[in-house]
Amino acid sequence: MNLDEALQLAYNAGERLNRTSPYLWVKEKNLDGLSLVKGLSSHFISDQYGEVHQLEREGEDRDRVGFWADHLRVIRTFRLFFEKGTPPSACAKKYVYGPGWKAHLYSPSNSDIIRLDFISLDKAILYMYFLNKSYSTVPLTLNIEVDFLHAWPGMMREPITSSEVNKNYVSISSEYTATHIYMWPSSHPQIRRNRSEITLDTILDCDSPFLAAFSLETIPELNIKYINEEFKKISSYYSNILDGSLKVKTSYEEFDKAFNSAKYVLALLFSKIEVGDGIYAGLPCFSWFFTGDVGFMSPVYARLGEYYLRMLKDHIVTMAKYQRPNGQIPHEVSANPKYTCTALPTGFWHIDSTALWIIALGEYFKWSQDKSVLRQLSRNLQKAVEFLYNLDTDNDGFIEIYPEKGYCAVDELRWSIRRGICSELNALYIMALKKAHMLFQSVGEIKLAKWCLNLYRQLSEKYDSIFWSGRKYYDRIDEKGGVEDDAMAHQSLVCWTEVASCSNGVLHLKKLIPDLIAPCGVRSHTFKGETRKGYYEGSIWPFFTGVFGLSLFNYGLSKIGMKLLLDEVELTFTSKDPGKINEYYSHDCREELGQFTQGFSSSPLIDLFLRGLLGLDITGNRIRFEVIPSNRFKFIKLYDLYFNSNLFNISFHTCSQNLKYRIEFIQGSTPLTFEIGVVLSSETSAKNSCKGLIISKTIDVMPGEVKEGSISYQ
């Protein structure tokens, strides 16, 4: 798509496209949310009127609103006015965004002004392109506050030392940094400067463009050809990822749109910055790297195909770069290269991050079969396993944590009282041992592989005898013996990891359901009637909607799992920034809280579909589906399912207790085996898995072949 096509599309777009366009979102009223454009290293966050005002929340070095280049803020505030001082809030008609760009339509004095924002893919440049679609000229004033602030935890501000103002160019410098503001064309602009504030006055001619570019580097020649090439580069980057990865078409059209939007969020979060290449947790806050977040998202990135596998690989490698000598993988790596994780009080806080790093590496390898990365990270993997093993202080095999040592497990709210053997941490440890066995075996480390397998089996076999209370799994076991706290969503991880036995897992989840299931998802803890600022008890987390929902699918409670999948779809369409899902929500679902763009909030929509409803997994060269028939998803087609350079299309059609399937081997040279199963998840049915009775068929598929068939069930 070129710039003119995007402008015309945004100008004509209406909210009806929210149901029909694969990647476009339109909002024509209540423009009260935030909006985002992002390249690989830079991003710009404004409100949906197109202005920038700092948030009164986490702090300006954490809530990275405005124009940020890597870890440095360039624009702190941005305001615009039309003739007679008309602000955008008085004349904004709609806000639109597509892959790599966002647009705002204004109508001051019955004029039509379309503005399109985008960021350079690989340079620190923000472009704002204005086009007057009216028959009269319109005055425009831009007010920009330049401010060089370094990202958390530095909070260092560089004082402005000099400036240069020309006819269509402004340069503002500190001792270390300079930003340049360009105007094109240069016939009208008038420029005023008052310290760090720049005011640009211009006239928008009829059907003529005006561009303001904000850059940390000089632009050799600014013209329409250059601008269009920059736009095509960023829009093609995102479009190629979205079109070149796993795609779905189902009988539930709203889901298809939500699936595409979740993919876009996961692509947006991938970043190439000074400290490394990886996946941001969210925006505007948490725009740095977390191991645990990506560990939980790794099954989604791994199943979406080659582009997303590369993102996952880069993140895994970057986090390994900051591993401690004792083997611990960091919880978080700041975007600020002066601090990264070593100077952060929370840098190595979460013990589960090390287990989740191993899990992420396992998911990456299963779908990529990339042994070169395993060889590169073999020593890191060995040290990570050793670190976890050494947390077992009483030689019972299970690992203990103690908050006084600065360690916590998944639950941050109660980290100060959660000590001893935590059930969810040990479940993740057991899952990591299983992954480590597979990884060591794949690179010929047979001795290490056998050691991991033996410990995995040992801990799996005695897990229930240690943690099962007779009613549900203990949250933790400390010096006082078994401790059973209020219902908490992280306790479902014993079923997410499939460590829980079938019968106990079902009872455990049923015990949690009444306190945790809310109208729009899953609460982090029991809601006790009191709300507090921050991550209060009882708030609803889409992340836990994914963890709890997959646990329900794993243990045959698919009706409630389906309800949680549909909740994710609903949140996608009702979000203040449509297509996104917030970090968390108030206990009654009425208030969006936290970050408006959050990876582990969007990824559950994909995960609950692929792993929950379809049971998609792989062992060696054997791809497995365990399909749960659904009236909402009578027809499902997956395009470009990727495994080790092979591509497949596969479809399922449910009709009269009959599952029809069609497999097309469209690219590759590796003969594969597909195991297609239908899950009858009624609790009264005979069981051959925790999900229920599975009726399955095995199909061998050769390159270029198409295989069709059906499975009957009652």
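Just so you know, these numbers use all the heavy atoms, side chains as well, and skip hydrogens, waters and symmetry mates.
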field: Heavy-atom neighbours of Lys559 NZ exceed 12 at 6.0 Å
entry: no

task: With sequence neighbours excluded, tell me which residues meet salt bridge (charged side-chain N to carboxylate O under 4.0 Å, His left out) with Lys94.
output: none

query: Under a 4.5 Å cut-off applied to non-hydrogen side-chain atoms, are Val265 and Gln598 in contact?
result: no

task: Please list, chain by chain and in numerical order, all residues satisfying salt bridge (charged side-chain N to carboxylate O under 4.0 Å, His left out) with Asp147, sequence neighbours excluded.
output: Arg73, Arg157

statement: Taken in chain and number order and not counting sequence neighbours, the residues that satisfy side-chain contact (heavy atoms from CB on, under 4.5 Å) with Val373 are Lys313, Leu361, Tyr364, Asp370, Leu377

task: Walk me through it: do Lys38 and Ser271 pass the test side-chain hydrogen bond (donor to acceptor under 3.5 Å, both in side chains)?
output: CA-CA 9 Å; Lys38 184 178 174 297; Ser271 305; 2.9 Å; yes

field: Contacts of Asp70 that satisfy salt bridge (charged side-chain N to carboxylate O under 4.0 Å, His left out) - sequence neighbours left out
entry: none

field: Full working for side-chain hydrogen bond (donor to acceptor under 3.5 Å, both in side chains) between Asp577 and Ser575
entry: CA-CA 5 Å; Asp577 191 22; Ser575 172; over 6 Å; no

query: Looking at Trp25, is Lys102 sitting on its ring face, NZ or CZ under 6.0 Å from the six-membered ring centre and within 45 degrees of the normal?
result: no

task: Report the relative orientation of the aromatic rings in Tyr127 and Phe118; use parallel for angles under 30°, tilted for 30 to 60°, perpendicular for over 60°.
output: parallel

field: Candidates Lys272, Arg310, His315 - the one meeting side chain to side chain donor-acceptor pair (under 3.5 Å) with Asp277
entry: Lys272

- prompt: With a 6.0 Å cut-off on ring centres, are Tyr535 and Trp541 close enough?
  reply: yes

Lys/Arg cation over aromatic Phe548: Arg523, 6.0 Å, 45° cone: no

field: Nearest heavy-atom neighbours spanning Ser539 and Tyr584
entry: CB-CD1, 3.6 Å

task: Just jot down the ring-ring contact (aromatic ring centres under 6.0 Å, His included) partners of His350, sequence neighbours excluded, or say none.
output: His331

field: Phe67 and Phe78: CA distance, side-chain angles, deciding distance, ring-ring contact (aromatic ring centres under 6.0 Å, His included) verdict
entry: CA-CA 10 Å; Phe67 176 36; Phe78 176 83; over 10 Å; no

query: Is there a donor in the side chain of Asp243 and an acceptor in the side chain of Tyr23, or the other way round, less than 3.5 Å apart?
result: yes

Nearest-0.5 Å distance, OG1 of residue Thr342 to OH of residue Tyr322: 9.0 Å

Validation row: Ser235, Pro99 side chains within 4.5 angstrom (heavy atoms): no

query: Looking at residues at least two apart in the chain, or sitting in another chain, which of them share a salt bridge (charged side-chain N to carboxylate O under 4.0 Å, His left out) with Lys563?
result: Asp567

